[in-house]
Amino acid sequence: MNGHPDLSAATAVAPAAGRAAVIAGVGSWVPPRIVTNEELTRYLDTSDEWIRSRTGIARRHVVDPGVGTAALAIEAGAAALKSAGGGDVDSVIVATATPERLCPATAPQVAAGLGLSGVAAHDVAAVCSGFVYALNSAAGQIATGTADRVLVIGADAFSTIVDPMDRQTAVIFADGAGAVVLRAGSASEPGALGPCVLGSDGELAELIMIPGGGSAQRSTGQLPGPDDLWFHMRGRDVYRYAVEHTSNAALAALDRAGWRPADVDCFIPHQANARICTAVGERIGIPADRVASNIERVGNTAAASIPLLIAESAATGAFDPGARILIAAFGGGLAWGATTFTWPGTLGFGD
Ligand code: ACO
C-alpha cells in the first residue's frame with residue numbers, strides 16, 4: 001500500500017460502562033426530482049450501460065435550485081423524531097460534506113428548523129464516513145451524561161458540489177438525508193449501539209477533495225476560481241482503498257462486538273459503488289443476500305447513504321426485533337468507520 005502503515009482500524013472505542021446509546025427512531029428523505037442515467041447521457045459522454053455496469057446506479061435524486069443540505073436534514077430529522085414518538089432531543093449532530101456555508105455549522109440551522117433552538121448542535125466533517133463518526137460522537141454525549149437523547153443526521157447535497165460536466169463524479173453522487181434518534185439506555189437492550197471503529201489516512205487526502213475555498217488557499221491571498229470549488233475524486237485510485245478499509249473496519253467492529261460474520265443479519269455498507277459493496281461483502285464473508293443495497297435508486301449520497309438505507313429498510317419491515325446489523329463506511333479524508341447495533345423493533349413509521 002505505497003509504503004503506508006496499516007491504518008485499517010486506528011481507533012476502537014469501547015462503550016462507557018453504564019449508559020449506552022439505543023436507537024429510538026429513524027427517518028429519511030430524498031428530494032423529489034429524479035435524474036435517470038438516460039438524462040445524463042444527453043449532455044455527458046457516458047451511457048446507461050457504463051453507469052449501471054461500473055457503479056450499479058440507474059437513477060438518483062437531486063435538489064432543485066435553492067434547496068441546500070439543511071432542508072434535506074430537516075425533513076429526515078423530522079421523520080426520525082416522529083418515528084421516535086416525538087419529544088425533544090438535547091443535541092443535534094449533522095454529518096455532511098456539503099454544509100450550507102463554510103461557516104457557521106449547518107446543525108444549528110437544522111435544529112432551529114426542527115423547532116429545537118437552544119439545544120447543542122454541531123457538524124461532523126468526515127465525508128462519506130461522517131454518519132459513523134457522528135454516531136460515535138452522539139454515543140459519547142450519552143455516555144458522559146451530556147445528553148439523554150441525540151438526533152444524528154447524515155445529509156448531503158452532492159449535486160451542488162459536483163461539476164455536472166465531470167463524468168467521473170456526476171454519474172455517481174446524489175442528494176438525500178437519513179437520521180437516527182439515539183436515547184440513553186443499556187448495552188444489553190435491543191437497539192443498543194456497539195463499539196465504533198474509526199480511522200483515517202490524511203496522507204491520501206488529495207484523492208478526494210474540494211481543493212479551494214478553505215484556509216489553505218485563502219491564506220495565500222488567492223480567491224477560489226470556479227474549478228477550485230468543484231469536488232474532485234481520483235476514483236480508480238480510491239477504489240482499492242475503499243474495499244480494503246471498509247472491509248478491515250467492518251471486521252474490527254465485528255470483533256469489538258464479539259460477533260462473527262455469520263451472526264450478521266444485515267450488512268449496510270456505504271453505497272459508494274455496487275461493485276465495492278459486493279467486494280466488501282465477499283471479503284468479510286457475509287452472503288450477498290444479507291448485504292443491503294439501494295444504490296440503484298439513489299446513487300452515492302455520501303454521509304446520508306447509510307442512515308437512508310437503514311430507514312428505508314426499516315420502513316419495509318426488513319429488520320426483525322433483535323436483528324444484528326453491521327454498518328461500515330469509507331470516504332474522503334481518507335476516513336473510515338464501522339459499528340454494530342441490534343434492531344429495537346418498536347419504531348413508528350409513516351403517517
Ligand atoms: N462514462 C463512460 N466512461 C467513463 C465514465 C463515465 N461516466 N467515467 C469514466 N469513464 C471511462 C474512463 O475515462 C476510463 O476510460 P479509459 O480506459 O479510456 O481511460 C474508463 O471509463 C475506466 O475508468 P475507471 O476510472 O478505471 O473506471 P472504474 O471502473 O474505476 O469506475 C468509479 C470509476 C465508478 C469512479 C470507481 O473507480 C469508483 O467507484 N471508485 C471509488 C469511489 C469511492 O469509493 N469513493 C469514496 C467514497 S465517496 C466520498 O468519499 C465522497
Side-chain angles (χ1 to χ4, degrees), residues 35-60 69 95-99 124-133 154-176 198-202 204-211 230-250 268-281 283 293 295-296 298-306 308-309 327-338:
V35 174
T36 62
N37 291 347
E38 194 278 326
E39 184 172 338
L40 294 175
T41 64
R42 290 180 212 156
Y43 55 90
L44 271 181
D45 180 16
T46 189
S47 66
D48 177 53
E49 199 282 328
W50 192 97
I51 301 170
R52 280 180 194 261
S53 63
R54 296 296 184 111
T55 71
I57 300 167
R59 58 190 184 276
R60 72 284 293 145
T69 295
T96 187
T98 56
V124 166
V127 200
C128 297
S129 302
F131 181 72
V132 182
Y133 270 77
D156 266 311
F158 254 68
S159 68
T160 64
I161 60 166
V162 161
D163 176 354
M165 299 313 294
D166 174 10
R167 67 178 184 172
Q168 269 257 4
T169 54
V171 303
I172 299 172
F173 291 99
D175 307 338
L198 307 172
S200 75
D201 183 358
L204 295 171
E206 80 280 2
L207 295 183
I208 301 174
M209 67 162 47
I210 297 175
W230 292 128
F231 174 83
H232 296 257
M233 180 174 77
R234 284 170 32 199
R236 197 182 304 188
D237 296 331
V238 170
Y239 194 98
R240 68 193 180 97
Y241 292 111
V243 174
E244 180 181 333
H245 287 306
T246 311
S247 303
N248 289 347
I268 301 187
H270 164 52
Q271 303 289 289
N273 179 322
R275 288 156 55 213
I276 292 174
C277 298
T278 302
V280 171
R283 197 156 159 169
S293 177
I295 193 168
E296 183 183 11
V298 302
N300 179 343
T301 57
S305 147
I306 288 175
L308 186 53
L309 187 45
I327 62 175
F330 167 87
L334 302 178
W336 53 89

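Counting starts at 1 for both ligands and their atoms, in listed order.
Remark: L308 CG to I295 CD1 distance equals 11.5 Å, nearest 0.5 Å. Rounding to the nearest 0.5 angstrom, the gap separating the CD1 atom in I276 from the CZ atom in F330 is 8.0 Å.
Using a 4.5 Å heavy-atom threshold, the side chains of R60 and I172 count as separate. Contact of the Q271 side chain with the L309 side chain is registered, since non-hydrogen atoms from C-beta on lie closer than 4.5 Å.
Listed by chain and residue number, the protein contacts of ligand 1 are D45, T46, W50, R54, T55, V127, C128, F158, R167, Q168, V171, I172, F173, I208, F231, M233, G235, R236, V238, Y239, A242, H270, A272, N273, R275, I276, N300, F330, G331, G332 (heavy atom within 4.0 angstrom).
Defined by atom type and a distance below 3.5 Å, a donor-acceptor pair is present between the side-chain atoms of T96 and D156.
Residues meeting the side chain to side chain contact (heavy atoms under 4.5 Å, CB included) test with A304, sequence neighbours left out: T301.
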